[in-house]
Amino acid sequence: MPGGICTHDINAPWQGTQWNRIEHRLFAFITQNWRGKPLLTHQVIVQLIASTTTQTGLTVQCRLDHNLYQKGTKVSDDQIASLNITTANFHGEWNYTIAPRNPLP
């Protein structure tokens, strides 16, 4: 990637994505779509990802996150405990969904 970070929401952390069968199938089509094309800018990459489709009807949405994030942010155990995390049945330590916090009563 030219000078940036590419993220995607697949309901799995980056450390566990190698176990996500859906993601593997998705990226097979993305890489076929951009095969032989120079990935020179973020715009080109986003457009190639977003134009990925399959014969069975898969469509992909993609956008570049322009936000700036502070490095080295420490998260306390209390902050982690307050997250609304649902683990997956398969390797829940790697595959999970983080939803918005439940509203206070």
Side-chain angles (χ1 to χ4, degrees):
M1 297 293 297
I5 298 173
C6 179
T7 62
H8 48 86
D9 297 326
I10 211 88
N11 292 335
W14 66 268
Q15 301 97 327
T17 57
Q18 68 269 24
W19 302 106
N20 190 312
R21 287 176 269 152
I22 295 170
E23 184 177 353
H24 271 284
R25 294 181 69 190
L26 172 67
F27 282 107
F29 291 104
I30 290 172
T31 55
Q32 286 175 11
N33 193 40
W34 68 24
R35 181 179 52 222
K37 296 179 177 76
L39 306 177
L40 299 176
T41 66
H42 288 116
Q43 181 181 1
V44 169
I45 294 166
V46 168
Q47 288 173 342
L48 287 169
I49 292 171
S51 66
T52 301
T53 59
T54 67
Q55 292 177 351
T56 58
L58 170 80
T59 59
V60 179
Q61 295 180 4
C62 183
R63 64 185 166 90
L64 189 60
D65 182 354
H66 291 283
N67 293 320
L68 298 176
Y69 297 95
Q70 183 178 2
K71 294 179 182 178
T73 301
K74 303 292 181 195
V75 180
S76 71
D77 290 339
D78 289 339
Q79 289 173 310
I80 294 292
S82 74
L83 295 174
N84 187 8
I85 299 176
T86 304
T87 58
N89 292 333
F90 180 73
H91 281 287
E93 69 276 16
W94 294 322
N95 298 296
Y96 51 85
T97 301
I98 301 177
R101 289 185 177 94
N102 295 325
L104 296 174

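Each residue takes its place number in the sequence, starting with 1. Values below: every heavy atom of this structure, side chains too, minus hydrogens, waters and symmetry copies.
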J.: What's the spacing between L83 CG and D78 CG if we round to 0.5 Å?
T.: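 So the gap between those two atoms works out to 11.0 Å.
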J.: Are side-chain heavy atoms of I45 and W34 found at a separation under 4.5 Å?
T.: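 In contact.
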J.: Take atom CD of Q43 as the centre, draw a 6.0 Å sphere, and report whether it contains more than 12 heavy atoms from other residues, nucleotides or ligands.
T.: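 Result for CD/Q43: open.
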J.: Are I85 and V75 co-members of a hydrophobic cluster defined by side-chain heavy atoms under 4.5 Å apart?
T.: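 Yes, because V75 and I85 connect within a single hydrophobic cluster, where side-chain heavy atoms sit under 4.5 Å apart.
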J.: Do you know the tightest heavy-atom contact between Q79 and K74?
T.: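 Of all heavy-atom pairs spanning Q79 and K74, the closest is OE1-O, 4.0 Å.
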J.: Which heavy atom of L48 sits nearest a heavy atom of T52, and at what distance?
T.: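 Closest approach of L48 to T52: O-OG1, 3.1 Å.
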J.: If you look at every heavy atom in V46 and C62, which pair is closest and at what distance?
T.: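 That closest heavy-atom pairing would be CG1-O, 3.7 Å.
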J.: Would you give the length of the straight line joining atom CG of N33 to atom CZ of F27, rounded to the nearest 0.5 angstrom?
T.: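 The CZ atom of F27 is 12.5 Å from CG of N33, to the nearest 0.5 Å.
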J.: Kindly compute the distance separating OG (S82) from CG (D77), expressed to the nearest 0.5 Å.
T.: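 Atom-to-atom, S82:OG and D77:CG are 11.0 Å apart.
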J.: More than 12 heavy atoms of other residues, nucleotides or ligands under 6.0 Å from CG of N89: is that the case?
T.: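 Incorrect, the count does not exceed 12.
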J.: Would a 4.5 Å heavy-atom cut-off, applied to side chains only, mark V44 and K37 as touching?
T.: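 V44 does not reach K37 side chain to side chain.
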